[in-house]
Amino acid sequence: FYFSNQSNNIYNNGAALVRFYIDQNGDSKYNENEVEIPEIQFSVKNANVENDKNGDKIIYNLIPANSYNLIVKKESIKNPFIIPKYLEFSFIAEPFSFKIIDVPCYMTGSIEGSAYRIENGKKVEQSGIRTYLVNLETGNEQTIDLFSDGSFYKIGILPGKHKLFIDSMQLRLLEVESRPEFIEFEVKTTAEGDQIGGLNFELLPLSKNIVPSRIPKANRKENITSSQ
């Protein structure tokens with residue numbers, strides 16, 4: 001991802017200020033009332049990163065027209081619920097300019113739910129299976145393993161639309177199908193971090209003519225509750 005932020009001409013050549021902030025309204029633009037996060041550290045290969053007298057982080061010795069890769073040091077973020085929109089990105093140095101790079105950060109959300117089987121008309125906890133969580137806006141995918149009681153809990157979910165579904169290979173091995181096949185939900189941008197619950201999957205004996213696919217075809221949304 002290439003940033004193309006505002007630039008202001010100054011006498012120095014090839015420098016950039018990187019500013020991390022909480023994007024409270026979700027517009028990906030820095031506003032005066034939004035809180036900066038000065039403790040976030042990062043590295044840029046073949047460039048010098050220094051703090052000025054105000055504590056701002058300045059990148060010096062940027063060769064004009066060169067592309068530079070910035071990598072955020074995730075361990076420097078003190079609050080585990082805060083995450084930058086991008087942990088790694090590239091930018092191009094401009095000649096005779098001072099580039100301001102604003103990096104939006106978000107209070108991430110959390111999700112919880114469970115998977116259970118129906119045996120003899122009763123709910124039975126299903127452990128040892130894996131779910132996939134896909135960010136529908138970035139395409140990033142991560143896995144979430146169920147606890148021994150069949151439940152799952154995950155923090156650090158970026159605001160936006162997501163899709164959750166169970167590993168189709170494991171469903172076939174268990175000879176069950178998932179109801180619903182997948183769940184779509186949206187994590188809202190809030191000051192405290194959105195919390196999504198009730199993401200539950202019911203596992204039923206596999207119908208003879210149905211073979212679950214890893215990429216869901218239908219569009220179903222069930223058992224979702226959200227509290228701010």
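Quick caveat, the model's predicted, so the values are computed rather than measured.
C105 approaches P84 most closely through the heavy-atom pair SG-CA, 3.7 Å. Counting all heavy atoms, side chain and backbone alike, F185 lies closest to L199 at CE2-CD1, 4.0 Å. Taking both residues in full, the closest heavy atoms of I100 and R19 are given as CG2-NH2, 3.7 Å, listed atom of the first, atom of the second, then distance. Among all heavy-atom pairs drawn from T189 and P159, the shortest one is OG1-CB, 3.5 Å. When all heavy atoms of A47 and L62 are compared, the closest pair comes out as CB-CD2, 3.9 Å. Between S151 and D149, the shortest heavy-atom contact is OG-OD1, 2.6 Å.
Screening residues 129-140 for salt bridge (charged side-chain N to carboxylate O under 4.0 Å, His left out) gives R130-D145, R130-D167 as the qualifying pairs, with residues at least two apart or on separate chains.
In this structure, NZ on K123 lies 7.5 Å from OG on S114, to the nearest 0.5 angstrom. Here Y30 contributes atom OH and Y21 contributes atom OH; the two are 9.5 Å apart, rounded to the nearest 0.5 Å. One distance of note links CD1 of I111 with CD1 of I157; it measures 4.5 Å at 0.5 Å rounding. Here the CG-CZ distance, from L174 to R117, works out to 5.5 Å after rounding to the nearest 0.5 Å. The distance from atom CD of Q126 to atom CD1 of I166, rounded to the nearest 0.5 Å, is 8.5 Å. Atom CD of E184 sits about 5.5 Å away from atom CG of L136, to the nearest 0.5 Å.
Between F91 and F89, the angle of the ring planes lies from 30° to 60°, which puts this pair in the tilted group.
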query = Yes or no on side-chain contact (heavy atoms from CB on, under 4.5 Å) for I129 and L203, after CA distance, side-chain angles and deciding distance?
reply = CA-CA 11 Å; I129 62 175; L203 307 181; 4.2 Å; yes
ask   = Can you list the steps and then say if F201 with I183 is a side-chain contact (heavy atoms from CB on, under 4.5 Å)?
value = CA-CA 9 Å; F201 293 95; I183 301 174; 3.8 Å; yes
ask   = Run the side-chain contact (heavy atoms from CB on, under 4.5 Å) check on H162 and V187 step by step: do they pass?
value = CA-CA 8 Å; H162 301 264; V187 175; 4.0 Å; yes
task = Determine, stepwise, if the pair R179 / E181 fulfils salt bridge (charged side-chain N to carboxylate O under 4.0 Å, His left out).
result = CA-CA 5 Å; R179 299 279 183 86; E181 187 178 4; over 6 Å; no
request  = Verify side-chain contact (heavy atoms from CB on, under 4.5 Å) between L171 and F165, making sure each step is shown before the conclusion.
outcome  = CA-CA 11 Å; L171 290 175; F165 56 95; over 6 Å; no
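No side-chain heavy atom of T108 sits under 4.5 Å from any side-chain heavy atom of I155. Counting only heavy atoms from C-beta outward, the side chains of F147 and S127 never approach each other to under 4.5 Å. Within the 4.5 Å cutoff, the side chain of F152 has heavy atoms near those of the L164 side chain. Using a 4.5 Å heavy-atom cutoff, the side chains of Y132 and F182 are not in contact. With contacts defined as side-chain heavy-atom distances shorter than 4.5 Å, the pair Y68/K45 does not qualify. Residues E94 and P64 fail the side-chain proximity criterion, which asks for heavy atoms closer than 4.5 Å.
For S178 (side chain) and P180 (main-chain N/O), a donor-acceptor pair under 3.5 Å exists by modelled atom type. Checking side-chain atoms of E34 against main-chain N and O of Q24 turns up a donor-acceptor pair under 3.5 Å. Proximity of a side-chain donor or acceptor of N135 to a complementary backbone N or O of G139 within less than 3.5 Å is not detected. Between the K57 side chain and the P38 main chain, a donor and an acceptor come within less than 3.5 Å of each other. With N25 contributing its side chain and D27 its backbone, the two residues share a donor-acceptor pair below 3.5 Å. Using a distance-only test at 3.5 Å, with no hydrogens or angles considered, a donor-acceptor pair links the side chain of T131 to the main chain of I144. Checked by atom type and distance alone, the side chain of N46 never pairs as donor or acceptor with a backbone atom of V44 at under 3.5 Å.
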Do any side-chain atoms of residues 72-83 form donor-acceptor pairs under 3.5 angstrom with protein atoms, and if so which ones, sequence neighbours left out?
from : atom 1 : to  : atom 2 : distance (Å)
S76  : OG     : Q41 : N      : 2.9
S76  : OG     : K73 : O      : 2.6
N79  : OD1    : F81 : N      : 2.9

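The neighbour count for N120 CG, taken as heavy atoms of other residues, nucleotides or ligands under 6.0 Å away, does not exceed 12. Heavy atoms of other residues, nucleotides or ligands lying less than 6.0 angstrom from CD of E175 number 12 at most.
Residues M107 and L87 are members of one and the same hydrophobic cluster, defined by side-chain heavy-atom contacts under 4.5 angstrom among Ile, Leu, Val, Met, Phe, Trp and Tyr. When hydrophobic clusters are built by joining Ile, Leu, Val, Met, Phe, Trp and Tyr residues whose side-chain heavy atoms come closer than 4.5 Å, directly or via intermediates, V124 is not grouped with V176. One hydrophobic cluster holds both L158 and Y153 under the rule that ILVMFWY side chains link at heavy-atom gaps under 4.5 Å. Cluster annotation: F20 and V35 are assigned to distinct hydrophobic clusters (Ile/Leu/Val/Met/Phe/Trp/Tyr, side-chain heavy-atom contacts under 4.5 Å, transitive).
Other members of a hydrophobic cluster containing I71 are absent, since no ILVMFWY side chain comes under 4.5 Å of it, directly or through relayed contacts.
Between the side chains of D23 and Y106, a donor-acceptor pair is found at a separation under 3.5 Å.
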